[in-house]
Amino acid sequence: MGDRDLRGKPVADAILAEVKTAVADMADSGWVPKLVSITVGDVEAVDVYVRNQRRVAERVGIAFEERNFPGDVTQEEMEVAISTMNVDPRVTGIILQRPVPPQISIKALQSAVHPYKDVEGMNPTSIGNIVYNELDLAPCTAAASVELLKSTNLPLQGLEVVVIGHSEIVGKPIAFLLMAEGATVTVCHHMTRALSVHSRRADAVFVAVGKPKLVTADMIKPGAAVIDIGINALKDEKTGEETICGDVDYDGVSEVAGWVTPVPGGVGPVTVAILMRNTMIALQRQKNAYSSQFRSVATAE
Ligand SMILES: NC(=O)C1=CN([C@@H]2O[C@H](COP(=O)(O)OP(=O)(O)OC[C@H]3O[C@@H](n4cnc5c(N)ncnc54)[C@H](OP(=O)(O)O)[C@@H]3O)[C@@H](O)[C@H]2O)C=CC1
Ligand SMILES: Nc1nc(=O)c2c([nH]1)NC[C@@H]1CN(c3ccc(C(=O)N[C@@H](CCC(=O)O)C(=O)O)cc3)C=[N+]21
């Protein structure tokens, strides 16, 4: 690890310390969090994510259940399963891992997850809140990436930020979260004509594409912060060993950038921590809704 590394662990540990305290506080009033993690079929990057969710959930005291569905599951079967979890009072949060097989509509399933249990903030109702600057529960990787930028202490107001990738779950939510903080945001994608003209101007570059070494040193302004969200499988020709890398040419960029998040060891751990924090926010919302409903019933008598 280089001295310009923006490591995820310290940021994740600070978030998880707060989560652990929240779990203890809620347990005192009888509220116990449970996270259900839905996977469909079998995807390597998803396995890593779910494995780390389980490990961290156990560390902070959040009950964890993985629900894996076969790759040929039908849309209707998925919607029935989610409806059952929506009404199960023991389930606090539901996360639906991507990708899902082609016969499944991810958007329909995200809409099927009740907003109170939408710990990824991807129900259209939830993600709409980001436009209204209600940022407490946001898509995990986007929120994690912004937390990492904040840990540089760069002032966000007026900061020139370039986001490369405009997916609904990462690129776009990052742009909205940064706009809410007053940054000047440019979003690039495969139709952007001169990517490096934009990235070289930026004080901070976020990249979420899925292309190894897409971002090279000549594309980065000296001293800029580089947040690498990409996860790519790399097979070593000689040993055949498989490792992961991001979208950034780490060796070259870490000579120029002021900060660069390593992959692994950067955005990933913070994504997991944010998911745990979102689960506790969902539990608090459920508790508030329950209390106000029964308080009104109690006072109505
Ligand atoms: N660490 C974490 O927690 C997470 C990491 N990831 C990783 O982030 C990466 C992106 O995933 P995701 O956000 O789902 O994005 P998608 O895979 O859905 O889409 C890729 C995005 O990159 C854009 N793109 C493709 N080629 C280029 C290019 N040459 N220049 C600029 N933009 C380009 C695409 O634009 P267009 O649509 O116009 O083609 C699209 O917006 C993946 O590697 C994924 O594994 C994803 C989720 C969480
Ligand atoms: N709805 C949805 N939301 C996601 O956020 C989402 C998804 N689907 N599908 C899969 C991708 C991938 N993803 C990862 C998150 C953390 C690590 C992670 O913990 N990485 C660690 C550990 C890596 C390792 O253990 O080898 C690291 O980078 O240091 C990995 C992968 C989230 N994803």
Side-chain angles (χ1 to χ4, degrees), residues 1 5-9 11-12 16 35-57 93-100 104 106-107 109-110 113 118-123 126-127 138-148 162-175 186-199 205-216 219 227-234 241-248 250 261-276 278:
M1 291 244 185
D5 277 0
L6 193 49
R7 286 192 293 284
K9 191 173 180 326
V11 177
L16 292 174
L35 173 63
V36 175
S37 191
I38 295 175
T39 56
V40 185
D42 183 16
V43 177
E44 170 64 22
V46 171
D47 292 347
V48 170
Y49 188 27
V50 173
R51 188 169 65 234
N52 288 328
Q53 290 171 26
R54 179 186 303 280
R55 181 175 50 80
V56 173
I94 302 163
I95 174 174
L96 184 58
Q97 256 79 219
R98 299 163 180 234
V100 293
I104 300 294
I106 191 80
K107 187 162 183 291
L109 290 190
Q110 290 290 183
V113 174
D118 178 25
V119 289
E120 256 222 316
M122 286 303 292
N123 180 307
S126 309
I127 204 157
C140 302
T141 302
S145 304
V146 172
E147 289 283 349
L148 278 159
V162 164
V163 181
I164 306 173
H166 66 158
S167 73
E168 58 203 28
I169 190 162
V170 182
K172 281 192 232 179
I174 287 176
T186 303
V187 180
C188 301
H189 33 63
H190 88 282
M191 295 163 281
T192 300
R193 279 189 287 280
L195 187 56
S196 46
V197 168
H198 299 284
S199 61
V205 175
F206 290 73
V207 54
V209 170
K211 285 196 167 78
K213 296 194 184 342
L214 176 73
V215 174
T216 49
M219 295 170 68
I227 312 291
D228 188 357
I229 298 155
I231 301 176
N232 305 291
L234 268 190
E241 190 201 343
E242 200 156 280
T243 56
I244 61 167
C245 72
D247 289 344
V248 167
Y250 174 82
T261 60
V263 178
V267 172
V270 188
T271 298
V272 177
I274 295 282
L275 176 60
M276 302 302 145
N278 284 358

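Ligands are counted one by one from 1 in listed order, and the atoms in each one are counted from 1 as well.
The contact set between ligand 2 and V48, taken as ligand atoms under 4.0 Å from a residue heavy atom, comprises 23 (C), 24 (C), 25 (O), 30 (C). For ligand 2, the atoms sitting less than 4.0 Å from at least one non-hydrogen atom of G268 are 16 (C), 17 (C), 18 (C), 19 (O), 20 (N), 28 (O), numbered in the order shown with element in parentheses. Atom numbering of ligand 2 starts at 1 in the shown order; those under 4.0 Å from a heavy atom of Q97 are 1 (N), 8 (N). Ligand-side atoms of ligand 1 in range of V170: 13 (O), 47 (C), range being under 4.0 angstrom from any heavy atom. Within ligand 2, counting atoms from 1 as listed, the ones closer than 4.0 Å to a heavy atom of G265 are 27 (C), 28 (O), 29 (O). Atoms of ligand 1 lying under 4.0 Å from at least one heavy atom of A208, given by number and element, are 9 (C), 10 (C), 21 (C), 22 (O). Below 4.0 Å from some heavy atom of S167 lie the following atoms of ligand 1, by number and element: 12 (P), 13 (O), 15 (O), 18 (O), 41 (O).
Note on E120 versus R98: no salt bridge recorded, every NZ/NE/NH1/NH2 to OD/OE distance being 4.0 Å or above.
For H190, a nitrogen or oxygen atom sits less than 3.5 Å from a nitrogen or oxygen atom of ligand 1, counting backbone and side chain alike. Considering backbone and side-chain N/O of G266, none are found under 3.5 Å from N/O of ligand 2. Note: no N/O pair closer than 3.5 Å links G165 and ligand 1 by distance alone. The distance criterion of under 3.5 Å between nitrogen or oxygen atoms is not met by P99 with respect to ligand 2. For a threshold of 3.5 Å applied to N or O pairs, the pair formed by T141 and ligand 2 contains at least one separation below that value. When only interatomic distances are considered, the shortest N/O to N/O separation between T141 and ligand 1 falls below 3.5 Å. At least one N or O atom of N52 sits closer than 3.5 Å to an N or O atom of ligand 2.
With values rounded to the nearest 0.5 angstrom, L96 atom CG is found 5.5 Å from I38 atom CD1. From D118, atom CG reaches atom CD1 of I127 across 9.0 Å, with rounding to the nearest 0.5 Å. In this structure, CG in L275 is found 4.5 Å from CD1 in I95, a value given to the nearest 0.5 Å. Summarising the geometry, atom NE2 belonging to H189 is positioned 12.0 Å from atom OG belonging to S167; distances are rounded to the nearest 0.5 Å.
Not counting sequence neighbours, the partners of D247 by the side chain to side chain donor-acceptor pair (under 3.5 Å) test are N232. Residues passing the side chain to side chain contact (heavy atoms under 4.5 Å, CB included) test with R54, sequence neighbours excluded: E58, F64, E66.
Only side-chain heavy atoms of E120 come within less than 4.0 Å of ligand 2; its backbone N, CA, C and O stay farther off. Of all the heavy atoms of T271, the ones lying under 4.0 Å from any atom of ligand 1 belong exclusively to the side chain. Under 4.0 Å from ligand 1, not a single heavy atom of R98 appears. Of the heavy atoms in I231, only side-chain atoms (C-beta onward) come closer than 4.0 Å to ligand 2.
The two residues G8 and V270 have their closest heavy-atom pair at O-CG2, 3.5 Å. In terms of heavy atoms, V162 sits closest to C188 at CG1-SG, 3.9 Å. Annotation for G266 and P269: closest pair O-CD, 3.2 Å, computed over non-hydrogen atoms.
The nearest protein atom to atom 8 (O) of ligand 1, hydrogens excluded, is given as I229 O, 3.5 Å; this is a heavy-atom distance. The closest protein non-hydrogen atom to atom 33 (N) of ligand 2 is Y49 CD2, 3.6 Å. Nearest protein heavy-atom neighbour of atom 7 (C) of ligand 2: R98 O, 3.6 Å. For atom 44 (C) of ligand 1, the nearest non-hydrogen atom of the protein is I231 N, 4.3 Å.
Heavy-atom distances between I169 and ligand 2 reach below 4.0 Å in at least one pair. Between T192 and ligand 1 there is no heavy-atom distance shorter than 4.0 Å. For C140, the heavy-atom gap to ligand 2 stays at 4.0 angstrom or more. Residue-ligand proximity: G230 is placed with a non-hydrogen atom under 4.0 Å from ligand 1.
Q97 and Q53 share a donor-acceptor pair across their side chains, judged by distance under 3.5 Å alone.
Under a 3.5 Å cut-off, the side chain of S145 and the backbone N or O of T141 do form a donor-acceptor pair. Not a single donor-acceptor pair under 3.5 Å links the side chain of T192 to the backbone N or O of L195. Using modelled atom types, one side-chain atom of T261 and one backbone atom of D228 make a donor-acceptor pair closer than 3.5 Å.
Within the 4.0 angstrom cut-off, atom 11 (O) of ligand 1 has no protein heavy-atom neighbours.
Between V48, V209, V46, it is V209 that holds the heavy atom closest to atom 24 (N) of ligand 1. Counting only non-hydrogen atoms, the option in H166, H189, K211, M191 that gets closest to atom 31 (C) of ligand 1 is H189. Evaluated by nearest non-hydrogen atom to atom 21 (C) of ligand 2, the leading choice among P269, A144, P262 is P269.
Residue I227 is tested with V248, L6, V207 for a side-chain contact (heavy atoms from CB on, under 4.5 Å); the sole match is L6.
Under the 4.5 Å side-chain criterion, counting only non-hydrogen atoms from C-beta, I106 is in contact with E168. At least one side-chain heavy atom of Y250 sits less than 4.5 Å from a side-chain heavy atom of D5.
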